[in-house]
Amino acid sequence: MPHGELIASDNGARKPTVEDIPKAWKVLSEVMDPEVPVISVVDLGIVRTVSWEDGHLQVEITPTYSGCPATEVIEHDIRCALEGAGYRAPRLSQRLTPAWTTDWITDAGREALRQYGIAPPSGSSSKRSLLGEPLQITCPICGSEHTERLSQFGSTACKSLYRCIECREPFDYFKCI
Ligand SMILES: [Zn+2]
């Protein structure tokens, strides 16, 4: 028997149950972004589709942006969570178009960012690309709009470091892409 068939015969392929897709979404909603551990990959808006193909769960994600080092970690975490929930050999694929934008962050995700002390992205990213950097970033700590950018890069490459002029607290701003 060819080696490939031997592997294929033991890859856990099965028919889906009605529970499989909703349960997978629930598992994914508990996989946190490694950079911002209060927001799940679902609230971040990077999970495009969850389906069942060839006897396996198939998850399609759109990375926040290519070259974001967190993407590999996210894929690993998603795979581990799904395997831990009983999905055998889940398949992950990336869909690069349309590109992820911060518009895809859910309202729950924006609230989680705010509570974590990160200013959620404001406005739409398409507008942003026309206007450049946003003029007003609201301080997530005191709500003041008197803020200034200290550095283009915050604690990770996906964030900028800002400081509030009112309460003097530095904070990260999740960059619009
Ligand atoms: Zn403030």
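In this chain, numbering begins with 1 at the start of the sequence shown. Values reported hereafter were calculated over all heavy atoms of this structure, with side chains retained and with hydrogens, waters and symmetry mates removed.
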(message) Please tell me whether I165 and I137 are part of a single hydrophobic cluster in this structure, the criterion being side-chain heavy atoms less than 4.5 Å apart.
(response) no

Is [X] salt-bridged to [Y], cutoff N-O under 4.0 Å?
X	Y	answer
K15	D20	no
E30	K26	yes
R91	D54	yes

Could you check whether any side-chain heavy atom of [X] comes within less than 4.5 Å of a side-chain heavy atom of [Y], counting everything from C-beta outward?
X	Y	answer
Q58	S93	yes
Q94	P63	yes
C164	C142	yes
S160	S151	no
S40	V31	no
R163	R168	yes
F171	I118	no
R114	E111	yes

Separation between [atom1] of [X] and [atom2] of [Y], rounded to the nearest 0.5 Å:
X	Y	atom1	atom2	value
L57	Y87	CG	OH	6.0 Å
K23	L82	NZ	CG	9.5 Å
I141	E169	CD1	CD	5.0 Å
L44	T102	CG	OG1	10.0 Å
I74	I46	CD1	CD1	4.0 Å
T138	Y162	OG1	OH	11.0 Å

(request) Answer yes or no: is there a donor N or O on one side and an acceptor on the other, between the side chain of H146 and the main chain of E166, under 3.5 Å? (result) no

(message) Quick check against the 3.5 Å criterion: does R110 have a side-chain atom that pairs as donor or acceptor with the backbone of I105?
(response) yes

Can you see which heavy atom on [X] is nearest to which on [Y], and at what distance?
X	Y	result
M32	V38	SD-C, 3.8 Å
A99	T62	C-CG2, 4.2 Å
L28	V41	O-CG2, 3.4 Å
P120	Y173	O-CE1, 3.6 Å
T64	W100	O-CE3, 3.2 Å
V50	A24	CG1-CB, 3.9 Å

(request) Decide whether T17 and E19 meet the rule of one side-chain donor and one side-chain acceptor closer than 3.5 Å. (result) no

(request) Could you tell me whether E148 atom CD has more than 12 heavy atoms of other residues or ligands within 6.0 Å of it? (result) yes

(message) When you measure from the centre of the six-membered ring of W104, is the NZ or CZ of R48 closer than 6.0 Å and no more than 45° off the axis?
(response) yes

